[in-house]
Amino acid sequence: MENIDKLKAFLSEPKQLVIIPHQKPDADALGSAHGLSLFLQKKGHSVQIISPTDYPQFLAWMPQDDKIIVYKDKNKDQIDKIFEQSDMVFCLDFSELSRCKPLDIYLTDYKKPITLIDHHRGTPGMADYKLWDINAAATAELIYDFIGLLEGQDDIDIPIAECIYAGLMTDTGSFKHPSTSSKVHRIAAELMDLGMNAARVHNLVYDNNSENKLRLLGHALLNCLVVKQDVGAAYFLLSQDDLKRFDFRTGDSEGLVNYALSIQGIQFAATIIDHGDSIRCSFRSIGNFSVADFARQHFEGGGHFNASGGIIRGEFKDAATKFEDAVAQHAKELKSYL
Ligand code: 5GP
Ligand code: MN
């Protein structure tokens, strides 16, 4: 971070701070928000986390879950006031304004400084202070670094450690993706040395499935999976009826895409899900195919080299064809990795 001394001076007095994660925040976005919030509160600031949308129930164990405000039209007046009275906004785990809709309007008009901490590809133009590293495995890794930059290492307690660990653990696929550097393991070890129970965090995040989520997984594997061995691609197509049948909740499709990616010979996987108001996609790849570029080029999305997302416009009945047409444009490239 270039202007860290200026930021340090700014934070040397108690301030009113707002933290926002991206839409449908995952364990990295929310863990980073909680971890940073707890740390900043220890430093005497008052902090409000505002989430642009709801988030999975299996993240409700995080320390100050009851204090998060989730954007809803009926909260608008309250949120207007919080932004108005705030001295700084922290944007965590996103680099494009559209990723925090409908809170983006507060940032475009914001008169005070914005600090961005993130590891996504993008153009983080809105930030006055940036800790931005696309090689970081998780935003939580950068939160750990940020606390270090503010010389707050000794303030990391077990609740903060658990939040940072949750982000590291999930964004690295439980420490297995290529992004899992020795530094990530070193941070995890430091957190465990503080007395943090890593098994507890794994249990809270991964052993907290609803029955419906598992039944939907079974249904999806059996009935909704399309495998294109000729180009090394596979995808799940889930309709509104599929979601309704299993009483779909936010987070219930998390991890699904990885089952398609785990098939022998498959290097590129996707989920295409009709949420009713939008058709959302998740993309994953192994190796040299950039799904961030694929999402940006075809589906108004973005993300990381091997993990990204986007949306498909139009009717759900045409979604699979649109996706397959996009894949066909990259068939040569995809086949070269087989
Ligand atoms: P997921 O598939 O887990 O929802 O998202 C994978 C990665 O891509 C995450 O890092 C997420 O932040 C990013 N991502 C998902 N959807 C979008 C999108 O519509 N636009 C951009 N820029 N990034 C996305
Ligand atoms: Mn992340």
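Note that the numbering runs from 1 along the sequence shown for the chain. Start at 1 and go down the list; that is how both ligands and their atoms are numbered.
In this structure, a donor-acceptor pair under 3.5 Å is absent between the side chains of His275 and Asp277. Counting only N and O atoms by type, the side chains of Ser86 and Lys112 include no donor and acceptor under 3.5 Å apart. A donor and an acceptor atom, one from each side chain of Arg99 and Ser95, are nowhere located under 3.5 Å apart. Checking Glu190 against Gln153 by side-chain atom types alone, no donor-acceptor pair falls below 3.5 Å.
Interface of His304 with ligand 1, defined as ligand atoms under 4.0 Å from a residue heavy atom, comprises 10 (O). Every atom of ligand 1 with a heavy atom of Gly301 under 4.0 Å away is listed here by number and element: 18 (C), 19 (O), 20 (N), 21 (C), 22 (N). Within ligand 1, counting atoms from 1 as listed, the ones closer than 4.0 Å to a heavy atom of Ser282 are 1 (P), 2 (O), 4 (O).
At least one heavy atom of Arg280 sits less than 4.0 Å from an atom of ligand 1. Ligand 1 lies nowhere less than 4.0 angstrom from a heavy atom belonging to Lys24.
Listing protein N, O or S atoms at distances below 2.8 Å from the Mn ion (ligand 2), with waters left out, gives Asp28 OD2, Asp93 OD1, His119 NE2, Asp171 OD2.
The side-chain tip of Lys15 points at the ring of Phe10 from less than 6.0 angstrom away and within 45° of straight on.
In this comparison of Ala138, Gly309, Cys281, the heavy atom closest to atom 15 (C) of ligand 1 sits on Gly309.
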Inset, instruction - For ring-ring contact (aromatic ring centres under 6.0 Å, His included), just list the numbers for His298 and His330, CA-CA rounded to whole Å, side-chain angles, deciding distance to a tenth of an Å, and then say yes or no. - result: CA-CA 11 Å; His298 300 285; His330 299 271; 5.0 Å; yes
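In this structure, the side chains of Ile114 and Cys91 come closer than 4.5 Å at one or more pairs of heavy atoms. For the pair Ile4 and Leu150, the minimum side-chain heavy-atom distance is below 4.5 Å.
Judged as a side-chain hydrogen bond (donor to acceptor under 3.5 Å, both in side chains), the pairs with a partner in residues 222-243 (not counting sequence neighbours) are, in order, His219-Asn223, His219-Asp242, Lys228-Glu324, Tyr235-Glu324, Ser239-Asp242.
Shortest contact from atom 10 (O) of ligand 1 to any protein heavy atom: His120 NE2, 2.6 Å. Annotation: atom 7 (C) of ligand 1 to nearest protein heavy atom, Ala307 O, 3.6 Å. In this structure, the protein non-hydrogen atom closest to atom 8 (O) of ligand 1 is Ser308 CA, 3.2 Å. Residue, atom and distance of the protein heavy atom nearest to atom 6 (C) of ligand 1 are Arg284 NH1, 3.5 Å. Ranking the protein heavy atoms by distance from atom 11 (C) of ligand 1 puts Arg99 NH2, 3.4 Å first.
The shortest N or O to N or O distance between His22 and ligand 1 is not below 3.5 Å. On a distance-only criterion, Asp93 and ligand 1 share no N/O pair closer than 3.5 Å. The shortest N or O to N or O distance between Gly302 and ligand 1 is under 3.5 Å. The shortest N or O to N or O distance between Glu96 and ligand 1 is not below 3.5 Å.
Looking at Phe268, Phe294, Phe289 one by one, the single match for side chain to side chain contact (heavy atoms under 4.5 Å, CB included) with Glu333 turns out to be Phe289.
Between Phe83 and Tyr106, the ring planes are parallel. Angles under 30° get that label, and only those over 60° would be called perpendicular. Taking the six-membered ring where tryptophan is involved, the planes of His120 and His22 are perpendicular, since the angle between them exceeds 60° and thus also 30°.
Aromatic ring centres of Tyr165 and Phe175: separated by under 6.0 Å.
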